[in-house]
Amino acid sequence: MSRRSIRVASALLTTAVLVPLFAAQPAGAGTKLSGSAPADDRVVVSEDFSGNSLPAGFRPAGGTWEVKNGRLYGTSADSSQQSRITFGEHLNDFRIEVTARFESVKDSARWTAMGLDVPANGSVPWSIATMRSGTTASNGLEFAQRTPTGTWNVTDTAAAASAAGTGRDVRIAVEVHGTKARWFFDGREAMRTTRVARSAEGVEALVVNGSTVSFDDLKVTELPSGSWIRPDGSPMTVIAHRGASSAAPENTLVSDEVARRGGAEYIENDVQPSKDGVPYVLHDSTVDRTTDGKGAVRNLASSQLDALDAGSWFGPSYTGTRIPTLAAQLDDLRSRGGNLLLEIKGAHTRDEVATIVKTIRDHGMTDRVFVQSFEVDALKYTRELAPELPLGLLRGSLDADPVALSKELGLAAYNPSDNALSKRPGVVADLHRAGVAVMVWTVDSPARWQALEAGGVDGIITNRPAELAGWNAAQQQERPTPPAAPTVTIASPVASASLDRSQTPVAAVQATGADKVSLTLDGDAVTPGKPLDLTALAAGKHTLRAEATGPGGTAHATSAFTVRATPTGLAHLILTSGADANRVATMTTMLGHGHYSQLANWAAHQSGNGLNAARAALIVAEARALAAG
């Protein structure tokens with residue numbers, strides 16, 4: 001199948017938010033990811049735009065879109081126009097990557113975007129990953145949504161390490177797993193989100209606003225559902241213990257919101273039933289400590305729990321805050337973003353676990369909830385009732401063989417206390433080899449964060465999620481910057497040049513970040529910096545392709561020019577033909593009188609008889625083209 005075809009083969013809003021991406025998968029099936037697509041992932045779209053028209057399956061939906069010079073060009077006339085082109089298919093887990101270049105912009109706030117979930121006809125709503133030409137601004141990169149009413153909801157912003165500007169190729173990519181995504185700029189992760197709005201049918205797209213942008217080497221790859229194990233080079237997952245419990249009343253929707261804005265990807269909360277069987281989010285077995293009431297949770301009906309004040313104990317500004325039901329918490333997460341690490345608190349019957357499972361399913365949140373518990377029976381019930389939910393076993397001390405127990409229970413994660421893990425840190429590697437992640441509780445010390453990060457721990461359950469998110473971001477900044485992707489352009493002949501055979505253009509290539517640059521003309525190697533011999537080329541279109549390879553990868557550029565028939569060019573063919581003076585004089589005389597057909601016939605007769613056959617063929621073709629024109 002050709003490279004340029006669409007392959008449907010067997011089918012806190014802050015720049016400091018850098019938290020790892022978890023994607024649901026069958027329990028215990030984790031494998032370590034490298035952060036790039038493995039070779040056996042399904043390529044859905046692979047396009048280098050080497051043709052002369054829009055590839056099959058590419059659907060313009062506003063603005064101007066055209067293929068030329070080996071690139072796709074999208075133009076938006078002004079800031080009010082969002083030029084769109086859709087392609088691909090609906091995917092839950094995928095990577096979209098493309099080389100983009102701002103050719104011109106109205107101002108540095110104008111942008112282009114990769115569409116992560118866009119209706120095939122380009123209508124709203126959309127979910128996109130945006131890049132401004134001024135990428136070093138605080139909102140140079142964004143995750144954003146275009147709502148059904150045509151308004152904008154920007155969920156996450158970040159600044160890139162360097163400016164995209166104009167005339168520069170940048171390699172951009174986004175990895176999506178359901179509602180979670182990672183933004184990559186020139187090979188470096190810049191931002192994450194848990195708030196990608198998804199639909200049942202949306203496809204991929206490119207969008208341009210107030211600018212002309214060209215694109216090359218577009219690729220969409222379907223990914224496996226992912227891993228709970230931290231990818232190499234990624235920071236630890238920030239898991240907010242009972243929400244942002246150091247800044248707001250624990251296990252409430254307000255603490256969830258503070259945690260979300262502070263950069264937590266997962267919110268850890270506890271669930272247990274009321275007297276009438278409704279699952280409520282509360283840690284203690286009684287309401288005494290965190291509300292204005294008294295009594296065991298299981299002895300109070302839902303109407304009694306709903307009436308309690310769960311905020312004034314923490315501070316007067318939180319007076320009137322309520323204990324949320326599990327249903328209310330799931331609704332909040334679904335509408336405002338985020339994921340739930342849900343602890344089934346204390347012993348539960350199978351029926352009580354079934355109620356929890358039904359609530360999760362009824363709210364469409366099975367792909368955003370991770371269940372953990374100290375209670376082995378609760379995990380067994382969950383696995384039996386909802387095998388799609390990943391499971392984690394909480395432990396205050398390590399089991400004799402955590403790997404064997406993890407396999408027995410079908411765990412996706414083994415979650416020990418920090419104190420327990422500090423006694424046997426090597427168990428992390430053992431669990432990783434078995435495909436089991438490790439999330440440690442409850443850790444608020446930067447010194448311990450450092451030790452756990454070095455030890456390979458995948459996630460930290462903390463009362464200080466905003467601080468951990470900031471610490472993670474600082475660690476990321478200290479990591480060595482990967483080499484910049486190379487760039488390459490063909491400076492000469494200029495794109496779309498029309499040349500005759502008397503000209504000798506120099507093949508000029510400009511590249512940055514490259515150790516090796518190669519150039520071909522119609523597939524044959526040519527030397528950059530050397531003149532091109534147009535006397536050896538047939539009339540018509542010819543294509544130069546440059547490839548630059550460096551530590552940061554490989555870049556390509558394509559440029560086409562046309563060789564056209566002209567009297568001057570034909571004269572050059574005759575004068576450099578190597579024929580004797582009499583034959584040259586005969587041909588130039590006919591040329592001077594404009595007797596092109598006669599010249600063509602004479603040169604054909606002389607082919608191989610005092611006139612080189614290959615040169616004679618070119619003279620014949622050139623003369624006949626002039627005669628016809």
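For the numbers below, each heavy atom of this structure counts, side chains included, while hydrogens, waters and symmetry mates do not. Computed from a predicted structure; not experimentally measured.
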Visitor: With a 4.0 Å cut-off on N to O distance, would you call R322 and D306 a salt bridge?
Guide: no
Visitor: Closer than 4.0 angstrom, basic N to acidic O: yes or no for K219 and E97?
Guide: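 Salt bridge flag = no for E97 with K219.
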Visitor: Could you check whether the rings of W183 and F185 sit parallel, tilted or perpendicular, using 30° and 60° as the cut-offs?
Guide: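 It falls in the tilted class, 30° to 60°.
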Visitor: Are E388 and R361 within salt-bridge range, i.e. N to O under 4.0 Å?
Guide: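 Yes, this pair counts.
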Visitor: Just one of E268, E250, E343 clears the salt bridge (Lys or Arg N to Asp or Glu O under 4.0 Å) bar with R242, so which one?
Guide: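 Single salt bridge (Lys or Arg N to Asp or Glu O under 4.0 Å) partner of R242 among E268, E250, E343: E250.
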Visitor: What do the steps show when you test N251 against H283 for side chain to side chain donor-acceptor pair (under 3.5 Å), and what is the final call?
Guide: CA-CA 7 Å; N251 279 333; H283 175 269; 6.0 Å; no
Visitor: Between R95 and E222 (salt bridge meaning N to carboxylate O under 4.0 Å), is one present in this structure?
Guide: no
Visitor: Donor-acceptor pairs under 3.5 Å, side chain of residues 119-127 to any protein atom, not counting sequence neighbours: which ones?
Guide:
residue: N121; atom: OD1; partner: S123; partner atom: N; Å: 3.0
residue: N121; atom: OD1; partner: S123; partner atom: OG; Å: 2.7
residue: W126; atom: NE1; partner: G122; partner atom: O; Å: 3.1
residue: W126; atom: NE1; partner: S123; partner atom: O; Å: 3.2
residue: S127; atom: OG; partner: A197; partner atom: N; Å: 3.3
residue: S127; atom: OG; partner: A197; partner atom: O; Å: 2.6

Visitor: Please name all residues satisfying side chain to side chain donor-acceptor pair (under 3.5 Å) with D276, sequence neighbours left out, ordered by chain then number.
Guide: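 Side chain to side chain donor-acceptor pair (under 3.5 Å) check on D276 returns S274, S302.
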Visitor: Give a yes or no answer on whether the side chain of W313 reaches the backbone of T290 with a donor-acceptor pair at less than 3.5 Å.
Guide: yes
Visitor: Do side-chain atoms of D399 reach the backbone of P402 as a donor and acceptor pair under 3.5 angstrom?
Guide: no
Visitor: In chain order, what residues pass the side chain to side chain donor-acceptor pair (under 3.5 Å) check against R433, with sequence neighbours excluded?
Guide: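 Only D430 meet the side chain to side chain donor-acceptor pair (under 3.5 Å) criterion with R433.
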Visitor: Using only atom types and a distance under 3.5 Å, with no angle test, would you say the side chain of R230 pairs donor to acceptor with the backbone of A437?
Guide: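 No, R230 side chain to A437 backbone: no donor-acceptor pair under 3.5 Å.
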Visitor: Using a strict cut-off of less than 4.0 Å between a Lys/Arg side-chain nitrogen and an Asp/Glu carboxylate oxygen, indicate whether R260 and D256 qualify as a salt bridge.
Guide: no
Visitor: Taking the six-membered ring for Trp, are Y266 and W228 parallel (under 30°), tilted (30 to 60°) or perpendicular (over 60°)?
Guide: perpendicular
Visitor: Applying side chain to side chain contact (heavy atoms under 4.5 Å, CB included), run through E453 and W471 and close with a yes or a no.
Guide: CA-CA 11 Å; E453 198 276 340; W471 186 89; 4.0 Å; yes
Visitor: Side chains of H432 and D458: do they bring a donor and an acceptor to under 3.5 Å?
Guide: yes
Visitor: Identify the residue among T155, D117, N153 that makes a side-chain hydrogen bond (donor to acceptor under 3.5 Å, both in side chains) with Q145.
Guide: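 Single side-chain hydrogen bond (donor to acceptor under 3.5 Å, both in side chains) partner of Q145 among T155, D117, N153: N153.
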Visitor: Main chain of A205, side chain of T86: is a donor-acceptor contact present, judged purely on distance under 3.5 Å?
Guide: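 No, T86 side chain to A205 backbone: no donor-acceptor pair under 3.5 Å.
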Visitor: Just by modelled atom types, is the P387 backbone N or O under 3.5 Å from a matching donor or acceptor in the R383 side chain?
Guide: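 No: the side chain of R383 does not pair with the backbone of P387.
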Visitor: Answer yes when D284 and R289 have at least one side-chain N-carboxylate O distance shorter than 4.0 Å, and no when they do not.
Guide: yes
